[in-house]
2 protein chains.
Amino acid sequence: MEDKNFKAKIKQIAVDHFDKNGYYGTTIRNIASEAGCSLPMIYYYYKSKKELFHEIIKKDYFDILSRQAEQIECDNLIDFYSDFVYELNNLNEFDKKIYRLGIKVYLGFDGDDELIEYLDSWEKNIASRHAQLVKPHLKPQQNAEVIVSTLIHLLENLIESIIVKNRFLPKEQIRQELSIILADKIKNK
Amino acid sequence: MEDKNFKAKIKQIAVDHFDKNGYYGTTIRNIASEAGCSLPMIYYYYKSKKELFHEIIKKDYFDILSRQAEQIECDNLIDFYSDFVYELNNLNEFDKKIYRLGIKVYLGFDGDDELIEYLDSWEKNIASRHAQLVKPHLKPQQNAEVIVSTLIHLLENLIESIIVKNRFLPKEQIRQELSIILADKIKNK
DNA sequence: TAGTTTATCTAACGCTCGTTAGAATTATAA
DNA sequence: TTATAATTCTAACGAGCGTTAGATAAACTA
């Protein structure tokens, strides 16, 4: 088996196990056995179990987040957020598991304190990004603070439904729910 | 140490550890050591680690949920839901940890499949209960389905903020966010 | 071809885990 | 007081854990 692919295969299996059984419930032996290799092979590619887990969160999870954050063209607010949420349905299974793992750590349900803190700071960043994005579109008399925080709460739960509960949400439903919050609060084009 | 109190103390410590370190990250030895007793004492009161965990979810978590579901007097919808969410701030720390543990299992982040399925069926029940509660208050032309599902998504995330992320949400903010979804959709008194 | 690097293995070390056997202690009841 | 029941203990079993030492095989390089 050639270097690059095999290292990736190990991570793929690791993601699967971390996702299904958590950090403590996952064993290097299980990963090795499913990868069809001996136990020390895992250590040939990854320094330790902890490093493997950290890399998945710090590198792979953040890659997905960054890829999402790139598309910040925003003509119509409701279109934008509908697309943003809907596209989560179409993530491949591997990325979905990584995303799920990231949320699990973010909520403090897995991983160590270092990792949780790491994610916390990013998510704070996200909140103010939404505010910047939304505020210019709001009608002047609106209470922007509340609208943004309500929107974020809705978004977070929609994301959780798709990623964590593994449900499919139709685009029309996403759009309608977002419209309930935004429709009469934003300026007409 | 007398029977009843000591058994309760064990559970209190167990909840703390399960909450902080998950099922696999929690050890009977740690529980015993923190309880200041020998290891087999835990087995004197609980058949196994699994039974202890199951009891916390199936009994204690559901007790909290049931207690909440009791107060279904519902004069003003926004008042009702504001109170419902706000009161979560005032849960004692023990109940909050149990609630948090329940959410963790509900999201499939801990516990075994039996437990996850157990919670799934209850939460389905809850969804239709909200529908029954809300629909009579809606103006006739409204799309009830979407309003109810949006409300549930908002509620779930508010609950998660308080219980899982351990934030305090002021009553006024809760009320304002709920109003964004409900205010112009419900009949005037 | 000989030497070096890369990939992979078997075997084990030291530790912790959930659980239990079986004895000692304490409280209760006769 | 003695017998029974309720608590609590020390000590261990067998299994699984993360990790590593050190040998072997395969693939490159000179």
| message | Run the side-chain hydrogen bond (donor to acceptor under 3.5 Å, both in side chains) test against Glu93(A) and tell me which residues pass, sequence neighbours left out. | response |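 Expected list: none.
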Got a list of side-chain donor-acceptor pairs under 3.5 Å for residues 177-185 of chain A, not counting sequence neighbours?
unit_1, atom_1, unit_2, atom_2, d
Glu177(A), OE1, His153(B), ND1, 2.7
Glu177(A), OE2, Gln173(A), NE2, 2.8
Glu177(A), OE2, Ser149(B), OG, 2.6
Glu177(A), OE2, His153(B), ND1, 3.4
Ser179(A), OG, Arg175(A), O, 2.7

So does [X] get a side-chain nitrogen or oxygen closer than 4.0 Å to the phosphate oxygens (OP1/OP2) of [N]?
X: Thr27(A); N: dC17(D); result: yes
X: Tyr44(A); N: dT8(C); result: no
X: Tyr45(A); N: dT8(C); result: yes

Minimum-distance nucleotide to [X] side chain [options: [options]]:
X: Cys37(A); options: dT19(D), dC9(C), dG18(C); value: dC9(C)
X: Ser48(A); options: dC17(D), dT19(D), dT10(D); value: dT19(D)
X: Met41(B); options: dG18(C), dT19(D), dT8(D); value: dT8(D)

Rounded distance in Å - [atom1] ([X]) to [atom2] ([N]):
X: Lys49(A); N: dT16(C); atom1: NZ; atom2: P; result: 15 Å
X: Lys50(B); N: dT19(C); atom1: NZ; atom2: P; result: 10 Å
X: Glu51(B); N: dG18(C); atom1: CD; atom2: P; result: 15 Å
X: Phe6(B); N: dC9(D); atom1: CZ; atom2: C1'; result: 12 Å
X: Leu39(B); N: dC9(D); atom1: CG; atom2: C1'; result: 11 Å
X: His17(B); N: dG18(C); atom1: NE2; atom2: C1'; result: 16 Å
X: Ile28(B); N: dC17(C); atom1: CD1; atom2: C1'; result: 10 Å
X: Ile42(A); N: dT8(C); atom1: CD1; atom2: P; result: 11 Å

Would you call [X]-[Y] a salt bridge at under 4.0 Å N-O?
X: Lys165(A); Y: Glu156(B); result: yes
X: Arg167(B); Y: Glu160(B); result: no
X: Glu55(B); Y: Lys47(B); result: no
X: Lys135(A); Y: Glu145(A); result: yes

Quick tally for nucleotides 22-28 of chain C: nucleotides whose base has a protein heavy atom under 4.0 Å get B, sugar-phosphate-only ones S, the rest -, giving -------
Practice task
May I ask you to verify whether the side chain of Arg29(A) and the base of dG16(D) hold a donor-acceptor pair under 3.5 Å?
Solution key: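 Result: no qualifying N/O pair found.
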Report task. Sort out for me which residue in Lys104(B), Arg100(B), Lys96(B) forms a salt bridge (Lys or Arg N to Asp or Glu O under 4.0 Å) with Asp19(B). Result ->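 Checked Lys104(B), Arg100(B), Lys96(B) against Asp19(B); only one passes salt bridge (Lys or Arg N to Asp or Glu O under 4.0 Å): Arg100(B).
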